[in-house]
Colleague: 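Dropping the structure in here first, questions after.
The sequence lines fix the lettering, A, B, ..., with proteins before strands; numbering per chain opens at 1. Bear in mind the structure is a predicted one, so any value in this text is a computation, not a measurement.
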Amino acid sequence: MPEGHVIHRYALDHRDRLAGRVVRATSPQGRFGAGARRIDGRKLIDVDAHGKHLFYRFERAEALHVHLGLYGKFRSFDAKPPPPTPATRLTLLGGGNTIYLAGPSVCELVEPWAEQAILDRLGPDPLKSGTEGNTVEVFASNLARRRIPIGAAVLDQSVIAGVGNIFRSEALFVAGISPHTPANSLTDSEVAELWAVCVTMLEKGLAEGRIVTVARSRVRPGPRRNGAGLYVYQRDQQICRRCNGPVSREEMANRTLWWCGVCQPPG
DNA sequence: GGGTGATGCTGAG
DNA sequence: TCAGCCTCACCCC
């Protein structure tokens, strides 16, 4: 159940483990049998991430495109991996490393033009901030063309790629922006602040391997409870960490959104 | 051991 | 707008 920082972590991990190696691929579940046979025995050139999408480039084959969706999960093993479960969609082995993929919403081989089409419909990725196409200017121009609430716009992957439901609530809170503000009515400084907050949050998540947005928060390892380490996400029936006002919750863009009506006043 | 919600997205209507 | 996908971890017996 990953947001963009997790996808980029996977890209780094999988590149470390398998890039430059000849990879053995299987599909125990069978749904990707033909694709696995196609890449089996080929050298992995590189792994790229954009937003929540992963692309694995193989020598003399199409690229492998993976999107984890809500359920998808990777597991990596250095040595002596457990046998893959029957539901494992794809196994990748090389140089003593093993990677299992289960439950992805997309696992397919794509020609270069199809990969480009996927990238073309994605917005800028905060984890690539400053590179071509991944700038606050592109983000701003995407927002300027939309009248939907900003709380819906930041979940739209064609507006900004990699932000999911946790970062939506947390980034809008830290930026002090009401989720109900129309996307095209944000001021230049609000847009700049929101982009900067997303960059910082995703980079911290990438570095630490988990989402902690509250400054100097001590979060215990293991499963998260009651929005620990977060300002508003899933903090139902709790008070705002900043102003002690109530944390509000509602559905927006088919997902649950949390915010503080005091710290994020209507624009 | 069953029920359920979850960090997502697509496509039918 | 909303059902469907399809897996896992957590909660409550």
Colleague: Expressed as a whole number of angstroms, how long is the span from A/Tyr71:OH to B/dA6:C1'?
Modeller: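 Going from A/Tyr71 (OH) to B/dA6 (C1'), I get 8 Å.
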Colleague: Between B/dG8 atom P and A/Leu70 atom CG, what is the distance in whole Å?
Modeller: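 One finds 7 Å between P of B/dG8 and CG of A/Leu70, rounded.
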Colleague: Check this for me, if you would: do A/Asp40 and A/Arg24 make a salt bridge, where the nitrogen-to-carboxylate-oxygen distance has to be below 4.0 angstrom?
Modeller: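 Counted as a salt bridge, because a side-chain N and a carboxylate O are separated by less than 4.0 Å.
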Colleague: Should A/His67 be listed as having a side-chain N or O under 4.0 Å from OP1 or OP2 of B/dC9?
Modeller: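 It does, given that an N or O in the side chain of A/His67 lies less than 4.0 Å from OP1 or OP2 of B/dC9.
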Colleague: Measure from NZ on A/Lys73 to C1' on C/dC10 and round the result to the nearest Å.
Modeller: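 Going from NZ in A/Lys73 over to C1' in C/dC10 covers 11 Å.
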Colleague: Which nucleotide, B/dT10, C/dC2, C/dT7, lies nearest any side-chain atom of A/Asn254?
Modeller: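 Among the listed nucleotides, the one closest to the side chain of A/Asn254 is C/dC2.
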Colleague: First locate atom CD of A/Glu3, then atom CZ of A/Arg168, and finally report the distance between them rounded to the nearest 0.5 Å.
Modeller: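 Separation between the atoms: 10.0 Å.
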Colleague: So which nucleotide from C/dT7, C/dA9, B/dC9 ends up closest to the side chain of A/Gln157?
Modeller: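 Per side-chain heavy atoms of A/Gln157, the pick is B/dC9.
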Colleague: Under 4.0 Å, heavy atoms only, any strand: does A/Gln29 hit a base, just the sugar-phosphate, or nothing?
Modeller: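 If one applies the 4.0 Å heavy-atom cut-off, A/Gln29 turns out to touch the sugar-phosphate alone, with no base involved.
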Colleague: Could you state the atom-to-atom distance from CD of A/Gln234 to P of B/dT7 in whole Å?
Modeller: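 My rounded result for the distance is 6 Å.
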Colleague: Less than 4.0 angstrom from a charged side-chain N to a carboxylate O is my criterion; do A/Asp13 and A/Arg17 meet it?
Modeller: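 Yes, this pair counts.
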Colleague: Rounded to the nearest angstrom, tell me the gap between atom CG in A/Leu202 and atom C1' in B/dT7.
Modeller: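 It is 11 Å, rounded to the nearest whole Å.
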Colleague: Calculate the interatomic distance between A/Leu68 atom CG and B/dT10 atom C1'; express it in whole Å.
Modeller: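 Taking CG of A/Leu68 and C1' of B/dT10, I get 16 Å after rounding.
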Colleague: Counting heavy atoms not belonging to A/Asp120, are there more than 12 under 6.0 Å from its CG?
Modeller: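 Yes, because the 6.0 Å sphere around CG of A/Asp120 holds more than 12 heavy atoms from other groups.
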Colleague: Rounding to a whole Å, what distance do you find between A/Lys52:NZ and B/dC9:C1'?
Modeller: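 So the two atoms are 9 Å apart, to the nearest Å.
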Colleague: Return the value, rounded to whole Å, for the distance between atom CZ of A/Arg121 and atom P of B/dC9.
Modeller: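 Between P of B/dC9 and CZ of A/Arg121: 10 Å.
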Colleague: When rounded to the nearest Å, what value does the distance between P atoms of C/dC6 and B/dA12 take?
Modeller: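 It works out to 15 Å between them.
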Colleague: For the side chain of A/His5, counting heavy atoms from C-beta on, which of C/dC6, B/dC9, B/dT7 is nearest?
Modeller: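 The closest nucleotide is B/dT7.
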Colleague: If I pick the C1' atom on B/dT7 and the same atom on C/dT1, what distance separates them, to the nearest angstrom?
Modeller: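 Straight-line distance between the two C1' atoms is 23 Å.
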Colleague: Please determine, for B/dG13, whether a Watson-Crick or G-U wobble partner exists with both distances under 3.5 Å, and give it or none.
Modeller: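 Its partner: none found.
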Colleague: Nearest to the side chain of A/Tyr233, heavy atoms from C-beta on, is which of B/dC9, C/dT7, B/dT7?
Modeller: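 Of the options given, the side chain of A/Tyr233 lies nearest B/dT7.
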Colleague: Starting from the 5' end of DNA chain C, give me the residue, A/Arg75 or A/Arg31, whose nearest nucleotide shows up first.
Modeller: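 Result: A/Arg31.
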Colleague: Do A/Val154 and A/Leu230 share a hydrophobic cluster (ILVMFWY, side-chain heavy atoms under 4.5 Å, transitive)?
Modeller: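 Hydrophobic grouping puts A/Val154 with A/Leu230.
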